[in-house]
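Down below is the structure, laid out as structure tokens.
Numbered from 1 within each chain, the chains take letters A, B, ... in sequence-line order. Worth saying up front: this structure is predicted, and the values here are computed from it rather than measured. These numbers come from the heavy atoms of this one structure, side chains and all, not from hydrogens, waters or symmetry mates.
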Number of protein chains: 2
Amino acid sequence: MRMRETRPEGIPEATLGRLHHYRVMLGRLQRAGQQTVSSRKLGELTGASAEVVRKDLSWLGAYGQRGVGYEVEGLLRRLEEEFRPTSPCPLVILGAGNLGAAVAAYAGFDLQGYRVVAVLDSNPARVGHRLQGMVVRHMRDLPQVVQETGVEIGVLTVPAVQANAVAEWCAAAGLSGLLSFSPVQPPAPAPLVVRYVNFAEQLQILRCQLRDSGAHTPERV
Amino acid sequence: MRMRETRPEGIPEATLGRLHHYRVMLGRLQRAGQQTVSSRKLGELTGASAEVVRKDLSWLGAYGQRGVGYEVEGLLRRLEEEFRPTSPCPLVILGAGNLGAAVAAYAGFDLQGYRVVAVLDSNPARVGHRLQGMVVRHMRDLPQVVQETGVEIGVLTVPAVQANAVAEWCAAAGLSGLLSFSPVQPPAPAPLVVRYVNFAEQLQILRCQLRDSGAHTPERV
DNA sequence: TAGATTGTTAATCGATTAACAATC
DNA sequence: TAGATTGTTAATCGATTAACAATC
């Protein structure tokens with residue numbers, strides 16, 4: 001058994017998140033006609049320090065030129081080679097409510113190599129309606145959707161009370177990953193990798209930061 | 001100058017996020033009629049280890065009973081005392097598209113002590129429409145909304161290209177915090193504390209986890 | 001050559017895990 | 001008392017910051 005060298009498997013999670021931001025920003029720089037960019041500049045644009053940028057990029061191999069910076073186009077290609085699947089990564093949206101519609105309509109997916117292949121809902125009133133050119137199908141069709149499209153990742157946008165049951169259903173239907181918008185994180189159903197997007201939690205942290213920084217609560221007596 | 005004891009200002013960020021989950025779960029346990037809960041059980045419900053739960057809760061002072069666990073109602077009260085403002089925390093939503101509508105409709109806000117006081121959009125076609133019983137107002141009314149309601153936190157749900165300009169506008173209008181759904185994180189406008197909710201980033205990390213775990217890509221040759 | 005900027009290493013910081021005494 | 005469970009301390013792990021030699 002030998003180690004793979006071209007695609008290091010151990011890129012830290014914090015780095016992965018930032019690499020994503022670099023990619024988005026490099027795309028903009030390229031469209032703006034920039035030839036090169038320094039770690040300092042790229043850091044300014046994405047909210048990271050120059051050192052962090054360099055360290056992160058070094059996971060992809062040394063691609064910069066000392067004294068000059070990074071070639072925008074080459075680095076972008078390298079990032080896309082690393083992360084982008086050869087064809088767009090299919091997604092299935094579970095829950096056709098407001099949030100599901102928002103995710104389905106998300107303009108960034110095209111640019112970032114994703115493609116929504118189906119939207120499912122368990123509410124008969126929603127099934128059959130059109131969303132972004134797709135017909136909403138019934139949740140029970142999930143196994144069939146998986147078979148038809150080979151989709152491996154689901155986006156869970158159902159109300160919190162349904163989240164658990166639908167997650168189990170996803171595991172059973174053969175999905176391998178789930179991005180959940182549910183406000184609580186119960187243990188993930190067995191073979192499923194689940195990540196959470198939780199804006200109420202972020203709001204909570206934000207409020208604590210404001211409180212601690214003394215920015216608000218003007219102590220009205 | 002003396003240290004405040006009742007409300008420790010130094011609760012770690014990771015802990016704050018989890019305390020939020022504990023609160024949500026304790027609410028459910030209370031409604032289910034549970035009297036007490038152990039750190040082990042609370043951990044199972046929220047995806048944390050028993051040790052982490054105890055450590056997190058110890059930031060609120062020692063509230064458990066050895067050999068018994070934590071009193072659900074008392075602990076919940078303590079958590080709400082710590083985090084909940086006396087009156088619901090007002091929010092203004094900036095951007096009345098799908099995502100803005102989803103956030104405005106989010107059922108969890110009531111339970112968690114938030115209240116959406118206004119929805120703003122810069123697109124005249126959207127201004128005047130109703131959303132969750134509120135009339136969408138024009139983005140230029142923000143300073144007035146701030147004055148009328150005393151709102152301090154904005155939820156940024158505009159498209160990525162507008163995010164920067166609207167963030168500046170928020171800072172100018174006197175907001176002190178922003179929860180942004182923008183896919184990139186430019187430097188925050190001066191006095192504003194900004195947190196990001198980025199599902200494309202989480203999706204990216206999820207895919208890398210799947211790749212590394214070998215769960216998918218069945219190596220079709 | 002001199003200035004700029006990278007790539008990498010060492011030091012610091014914070015969060016998690018593991019262990020265990022305290023005690024209901 | 002004995003079993004269960006907390007609260008806290010020490011050890012480990014990972015991420016960030018700072019420093020600097022390498023080199024375009």
Side-chain angles (χ1 to χ4, degrees), chain A residues 5 8-22 26 29 34-72 74-76 78-79 185 187 196 201 205 208-209 212, chain B residues 5 8-22 26 29 34-72 74-76 78-79 185 187 196 201 205 208-209 212:
Chain A
E5 279 157 30
E9 303 203 340
I11 301 184
E13 205 169 279
T15 296
L16 288 175
R18 287 187 303 254
L19 285 176
H20 172 76
H21 294 305
Y22 304 150
L26 284 165
L29 289 171
Q34 282 286 322
Q35 301 288 316
T36 62
V37 66
S38 67
S39 57
R40 166 188 291 264
K41 181 70 183 169
L42 195 53
E44 276 173 17
L45 291 170
T46 58
S49 72
E51 293 83 356
V52 162
V53 173
R54 293 200 300 271
K55 181 109 194 222
D56 288 344
L57 294 180
S58 74
W59 284 97
L60 305 174
Y63 259 65
Q65 284 223 344
R66 293 168 198 236
V68 180
Y70 299 84
E71 200 217 331
V72 171
L75 185 55
L76 185 56
R78 180 74 187 83
L79 274 164
Q185 308 181 6
Y196 294 87
E201 175 185 326
I205 298 175
C208 290
Q209 288 181 339
D212 293 351
Chain B
E5 277 156 33
E9 303 203 341
I11 301 183
E13 204 169 280
T15 295
L16 288 175
R18 286 188 303 255
L19 285 176
H20 172 77
H21 294 306
Y22 304 149
L26 284 165
L29 289 170
Q34 282 285 321
Q35 302 289 314
T36 62
V37 66
S38 67
S39 57
R40 166 187 292 264
K41 181 71 182 167
L42 195 51
E44 275 173 17
L45 291 171
T46 57
S49 72
E51 293 85 354
V52 163
V53 173
R54 294 200 298 274
K55 181 108 194 224
D56 287 345
L57 294 181
S58 75
W59 284 97
L60 306 174
Y63 259 68
Q65 285 223 343
R66 294 169 197 236
V68 180
Y70 299 83
E71 199 217 331
V72 171
L75 185 54
L76 185 56
R78 179 72 186 85
L79 273 164
Q185 307 180 5
Y196 294 87
E201 175 185 326
I205 297 175
C208 290
Q209 287 180 339
D212 294 350

Residues which pass side chain to side chain donor-acceptor pair (under 3.5 Å) with B:Q35, listed by chain and number, not counting sequence neighbours | none
Could you tell me the separation between the OH atom of B:Y63 and the P atom of C:dC24, rounded to a whole number of Å?
-> 16 Å
Identify every side-chain donor-acceptor pair in residues 10-19 of chain B under 3.5 Å, counting partners at least two apart or on other chains, and give the distances.
unit_1 : atom_1 : unit_2 : atom_2 : d
B:E13  : OE1    : A:Q209 : NE2    : 3.3
B:E13  : OE2    : B:R195 : NH2    : 3.2
B:T15  : OG1    : B:D56  : OD1    : 3.0
B:R18  : NE     : B:D56  : OD2    : 2.6
B:R18  : NH2    : B:D56  : OD1    : 3.0
B:R18  : NH2    : B:D56  : OD2    : 3.3

Any side-chain N or O of A:S39 less than 4.0 Å from the OP1 or OP2 oxygen of C:dT6?
-> yes
Expressed in angstrom and rounded to an integer, what is the separation of B:E71 atom CD from C:dC24 atom P?
-> 16 Å
Output all residues satisfying side chain to side chain donor-acceptor pair (under 3.5 Å) with A:S38, sequence neighbours left out; order by chain, then residue number.
-> none
Per-nt protein contacts along nucleotides 10-21 of chain C (heavy atom under 4.0 Å; B base, S backbone sugar-phosphate only, - none) come out as -----SSBBB--
Can you give the dot-bracket line for DNA chain D, where a pair is Watson-Crick or G-U wobble with both atom distances under 3.5 Å, crossing pairs use [ ], and | marks a partner on another strand?
-> ..||||||||||||||||||||||
List in chain and number order the residues that pass side chain to side chain donor-acceptor pair (under 3.5 Å) with A:S49, two or more places apart in sequence or in another chain; answer none if no residue qualifies.
-> A:E51
Rounded distance [0.5 Å steps], CD in B:Q34 versus OG1 in B:T36 = 6.5 Å
If every non-hydrogen atom of A:Y63 is compared with every non-hydrogen atom of A:Y70, which pair is closest and at what distance?
-> C-CD2, 4.0 Å
Is there a donor-acceptor pair under 3.5 Å between the side chain of B:R78 and the backbone N or O of B:L60?
-> yes
Quick one: B:W59 CH2 to D:dT8 P, roughly how many Å, whole number?
-> 11 Å
Take B:E201 and A:H21, measure what side chain to side chain contact (heavy atoms under 4.5 Å, CB included) needs, and give me the verdict at the end.
-> CA-CA 8 Å; B:E201 175 185 326; A:H21 294 305; 2.8 Å; yes
Counting just side-chain N and O atoms, does B:Y70 come under 4.0 Å of either OP1 or OP2 of D:dA4?
-> no
